[in-house]
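Each remark here refers to the structure printed beneath this line.
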Amino acid sequence: QQQVKQSPQSLIVQKGGISIINCAYENTAFDYFPWYQQFPGKGPALLIAIRPDVSEKKEGRFTISFNKSAKQFSLHIMDSQPGDSATYFCAASRGSTLGRLYFGRGTQLTVWP
Amino acid sequence: NAGVTQTPKFQVLKTGQSMTLQCAQDMNHNSMYWYRQDPGMGLRLIYYSASEGTTDKGEVPNGYNVSRLNKREFSLRLESAAPSQTSVYFCASNFRDRGNEQFFGPGTRLTVL
């Protein structure tokens with residue numbers, strides 16, 4: 001059973017537009033929600049993360065919105081750039097699982113110039 | 001710091017052959033992980049090691065074995081490779097009790113003919 005569900009599978013956005021990727025989870029014990037960014041031929045790297053005590057976290061053009069009651073969180077990329085073209089993974093974990101992350105299936109983002 | 005290193009980068013095997021994928025980290029992390037990445041399936045956990053001397057199964061352990069050789073090194077072995085094991089394999093590591101951020105290696109692209 002997939003612990004974290006991610007949509008859409010692929011996303012095409014024009015340069016300067018807003019990219020939005022959504023994730024949903026069922027396990028209310030999750031207490032850490034990161035987003036990873038992966039460029040072709042590379043390993044994933046942490047982009048931004050949030051804990052459930054806040055509803056939003058912003059780092060530059062990247063924002064996580066978190067809705068605890070709906071068990072959903074999303075990544076917003078403002079002013080999307082061609083250099084943002086990558087695969088994005090959401091994930092979740094809980095303190096009792098000793099650092100293990102449960103990943104969504106990924107979203108391939110393409111930003112057209 | 002080299003971070004997380006993996007060898008080899010590429011490998012082609014014939015069905016039934018065996019091989020070991022090597023992973024090492026120099027960040028003094030206590031937890032290490034092996035994932036496989038397949039198109040549309042995201043990152044699936046094969047095995048993980050929460051600390052030196054312990055290993056646990058992840059989502060897709062069948063056909064694999066692991067060894068946590070010491071705190072730095074975590075190897076993944078395919079005893080009898082099958083075409084279904086064609087994938088990109090990533091090793092990752094983290095401090096399990098410090099925010100859960102996982103650091104990934106560059107990956108090994110394995111093809112089983």
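Below, chains carry the letters A, B, ... as their sequence lines are ordered, and counting in each starts from 1.
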Find the distance between [atom1] ([X]) and [atom2] ([Y]) and round it off to the nearest 0.5 Å.
X        : Y       : atom1 : atom2 : answer
A/Thr87  : B/Leu43 : OG1   : CG    : 9.5 Å
A/Gln2   : B/Arg44 : CD    : CZ    : 10.5 Å
B/Glu101 : A/Ser93 : CD    : OG    : 11.5 Å

With hydrophobic residues grouped by side-chain heavy-atom distances under 4.5 Å, do [X] and [Y] end up in a single group?
X        : Y        : result
B/Val112 : B/Met19  : yes
B/Phe74  : B/Val60  : yes
A/Tyr25  : A/Ile50  : yes
A/Phe33  : B/Phe103 : no
A/Val54  : A/Phe66  : yes

Task: Atom group of A/Pro34 that falls short of 4.5 Å from chain B, counting heavy atoms - done: neither

Open item on the list: So which atom in A/Arg100 and which in B/Glu59 form the shortest heavy-atom distance, rounded to 0.1 Å?
Closed with: NH2-CG, 3.8 Å

Does any part of the side chain of [Y], heavy atoms only, come nearer than 4.5 Å to the side chain of [X], both counted from C-beta?
X        : Y        : value
A/Phe103 : B/Gln37  : no
A/Lys42  : B/Phe90  : no
B/Tyr48  : A/Leu101 : no

Open item on the list: If you count heavy atoms of other groups shown closer than 6.0 angstrom to CE of B/Met27, is the number above 12?
Closed with: yes

Open item on the list: Is it the case that atom CD in A/Gln14 sees more than 12 heavy atoms from other parts of the structure closer than 6.0 Å?
Closed with: no

Open item on the list: Can you tell me which of A/Pro44, A/Ala45, A/Gly43, A/Ala91 forms the most heavy-atom pairs within a distance under 4.5 Å of chain B?
Closed with: A/Pro44

TODO: Please list, in residue-number order, every residue in residues 104-113 of chain A that has a heavy atom less than 4.5 Å from any heavy atom of chain B; write 'none' if there are none.
DONE: A/Gly104, A/Arg105

Task: Test side chain to side chain donor-acceptor pair (under 3.5 Å) applied to B/Glu73 - qualifying residues, sequence neighbours left out - done: B/Asn70

Task: Segment of B/Leu45 engaging chain A (4.5 angstrom heavy-atom cut-off) - done: side chain

